[in-house]
2 protein chains.
Amino acid sequence: MSDLIQKYIDAGLRLTDARRAILQALQSSDDHPDALMLHERAKAIDPTIAQATVYRTMRLLEEVGLVEKHDFGKGRARYEEAEKDQHDHLINLATGEIIEFQDEALEALKVAIARKLGFDLRDHRLELYGVPIK
Amino acid sequence: MSDLIQKYIDAGLRLTDARRAILQALQSSDDHPDALMLHERAKAIDPTIAQATVYRTMRLLEEVGLVEKHDFGKGRARYEEAEKDQHDHLINLATGEIIEFQDEALEALKVAIARKLGFDLRDHRLELYGVPIK
DNA sequence: GCAAATATGAGAATGATTTTCATGTGCAGA
DNA sequence: TCTGCACATGAAAATCATTCTCATATTTGC
């Protein structure tokens, strides 16, 4: 365990109590928490952590590529641990639930489309919004 | 001409001076303006229009399906007239330019993926971010 | 253990968007 | 055409997420 903290250390970043708690909070989340949810969860580990520190830490983690930040429509941005597997999201409009999926053909198509337009694909965002069938 | 105003009337909405000016401003834009750009352009037609009215009107137009709102990463949301042709966007990271594109295979794949997951696709968002090749 | 570099908490500041509220206006019907 | 009233407006205050400021506290290489 503690993969994330290890990766964090390997990235050569300074490890503090606040960051350790935030990393733990993130690692033990399987949903896609927002900054305030992470703040709550981190406070359960160390109650002195400030909201600003969560935002600062998430920005740092995003910059070094350890987490991915998603702006799903309105409201707060959601975070997730960066995984090696490339996936996109489907949002269940009935419940707000976020479902991850992966599709090889889709990934290939994105790259191909960008290339056809004369671009080198650097990033992308795909979200599907749907309601359960029947 | 005046397609948009006609569609607006057909939607059974109350037509006011402010809304007429905003609709004209939107119709004569071929970029993807944000609310403040639309406010500037609408003020050129009727200088008394308030920023709040632009925001209110854009929300109304979005609700009735006459415009599409896009949140590209940070900052202000961008708007465009709703078109019949389904297209996505590629953002040139070097210049910020927004390029529209359309791909049948991609559209079909989105629907197929949602269905495979047990969902009826209601909406989706795809943005590609790239840099010009060489 | 020390110093320099960097992180932190608390609250103020920012920026986009929405709301409030008192007043003004479009339009269905007489 | 006139009128009432439901709805729209301008201006400024309020919200919400996020970032910044700043004085103080921690981390880590030496």
Side-chain angles (χ1 to χ4, degrees), chain A residues 5-6 8-26 32-64 66-80 96, chain B residues 5-6 8-26 32-64 66-80 96:
Chain A
I5 290 181
Q6 191 54 55
Y8 178 89
I9 292 168
D10 293 348
L13 299 167
R14 183 177 291 197
L15 189 55
T16 65
D17 291 342
R19 290 182 183 175
R20 200 180 338 256
I22 293 166
L23 287 165
Q24 276 181 238
L26 178 62
H32 293 69
D34 61 40
L36 271 49
M37 293 162 80
L38 284 170
H39 184 211
E40 285 311 313
R41 294 172 193 181
K43 275 196 295 188
I45 301 170
D46 177 348
T48 70
I49 292 171
Q51 202 167 286
T53 299
V54 175
Y55 276 107
R56 275 188 286 236
T57 301
M58 295 319 288
R59 182 147 48 117
L60 173 68
L61 294 176
E62 197 203 351
E63 281 166 8
V64 300
L66 288 178
V67 313
E68 280 169 28
K69 178 184 181 182
H70 303 288
D71 290 301
F72 297 131
K74 279 290 93 223
R76 308 198 257 277
R78 316 287 291 264
Y79 298 92
E80 69 178 318
Chain B
I5 290 181
Q6 192 53 54
Y8 177 89
I9 292 168
D10 293 346
L13 299 167
R14 183 177 290 194
L15 189 56
T16 65
D17 291 343
R19 291 182 181 175
R20 200 181 338 257
I22 292 167
L23 288 165
Q24 275 181 239
L26 178 61
H32 293 70
D34 61 41
L36 272 48
M37 291 162 81
L38 284 169
H39 184 212
E40 285 311 313
R41 294 173 193 179
K43 275 197 295 188
I45 300 169
D46 177 347
T48 71
I49 292 171
Q51 202 167 283
T53 300
V54 176
Y55 277 107
R56 275 189 285 240
T57 301
M58 295 320 287
R59 181 147 47 117
L60 174 67
L61 295 176
E62 197 202 351
E63 281 165 8
V64 299
L66 288 177
V67 314
E68 281 170 29
K69 178 184 180 182
H70 303 288
D71 289 301
F72 297 131
K74 278 290 95 225
R76 308 198 257 276
R78 315 287 291 262
Y79 298 92
E80 69 178 318

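Just so it is clear, the model here is predicted, and its values are computed rather than measured.
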Fill in: Side-chain (B/R78) to main-chain (B/H70) donor-acceptor, under 3.5 angstrom
no
Practice prompt. Can you see which heavy atom on A/T53 is nearest to which on A/A18, and at what distance?
Written response: CG2-CB, 3.8 Å
Response to the item:
When rounded to whole Å, the CD1 to P distance for the pair B/I49 and C/dG24 reads 18 Å
Worksheet item: Looking at D/dT27, does its base get a donor-acceptor pair with the side chain of A/R20 below 3.5 Å?
Response: no
Discussion item. Does C/dG9 have its OP1 or OP2 closer than 4.0 Å to a side-chain nitrogen or oxygen of A/T48?
Written reply: yes
Discussion item. What is the distance, to the nearest angstrom, from the CG atom on B/D17 to the P atom on C/dG24?
Written reply: 15 Å
Worksheet entry | Spacing between A/M58 atom CE and C/dT8 atom C1', to the nearest angstrom | 17 Å
Worksheet item: Which residue, A/A52 or A/L60, contacts DNA chain C at a nucleotide closer to its 5' end, judged by nearest heavy atom?
Response: A/L60
Worksheet item: Looking at C/dT8, does its base get a donor-acceptor pair with the side chain of A/R14 below 3.5 Å?
Response: no
Worksheet item: Can you tell me how far the CE atom of A/M58 sits from the CG atom of A/L38, to the nearest 0.5 Å?
Response: 5.0 Å
Practice prompt. Rounded off to whole Å, could you give me the CG-to-P distance for the B/L38 and C/dA16 pair?
Written response: 14 Å
Fill in: Sidechain N-carboxylate O distance under 4.0 Å for A/K43, A/E40
yes
Practice prompt. Mind calculating the distance between CZ (B/R19) and C1' (D/dT9) to the nearest angstrom?
Written response: 10 Å
Fill in: Spacing of B/L13 atom CG relative to C/dA28 atom P, expressed in whole Å
12 Å
Practice prompt. Check whether any side-chain nitrogen or oxygen of B/Y55 sits under 4.0 Å from OP1 or OP2 of C/dT18, and answer yes or no.
Written response: no
Worksheet item: Looking at B/T16, does any N or O in its side chain come under 4.0 Å of the phosphate oxygens OP1/OP2 on D/dT9?
Response: yes
Discussion item. Under 4.0 Å, counting only non-hydrogen atoms across every strand here, what does A/L36 touch: a base, just sugar-phosphate, or nothing?
Written reply: nothing
Worksheet item: Whole-Å distance between C/dA7 C1' and A/Q51 CD?
Response: 17 Å
Practice prompt. Check the distance between C/dT17's P and B/H39's NE2 and give it to me in whole angstrom.
Written response: 14 Å
Worksheet item: Nearest heavy-atom pair of B/A42 and B/I22: which atoms, and what distance?
Response: CB-CG1, 4.0 Å
Item to complete: Spell out yes or no: do the side chain of A/R56 and the base of C/dG9 have one donor N/O and one acceptor N/O closer than 3.5 Å?
Response: yes
Fill in: Residue mapping more 5' on DNA chain C - nearest nucleotide basis, B/R59 or B/L15
B/R59
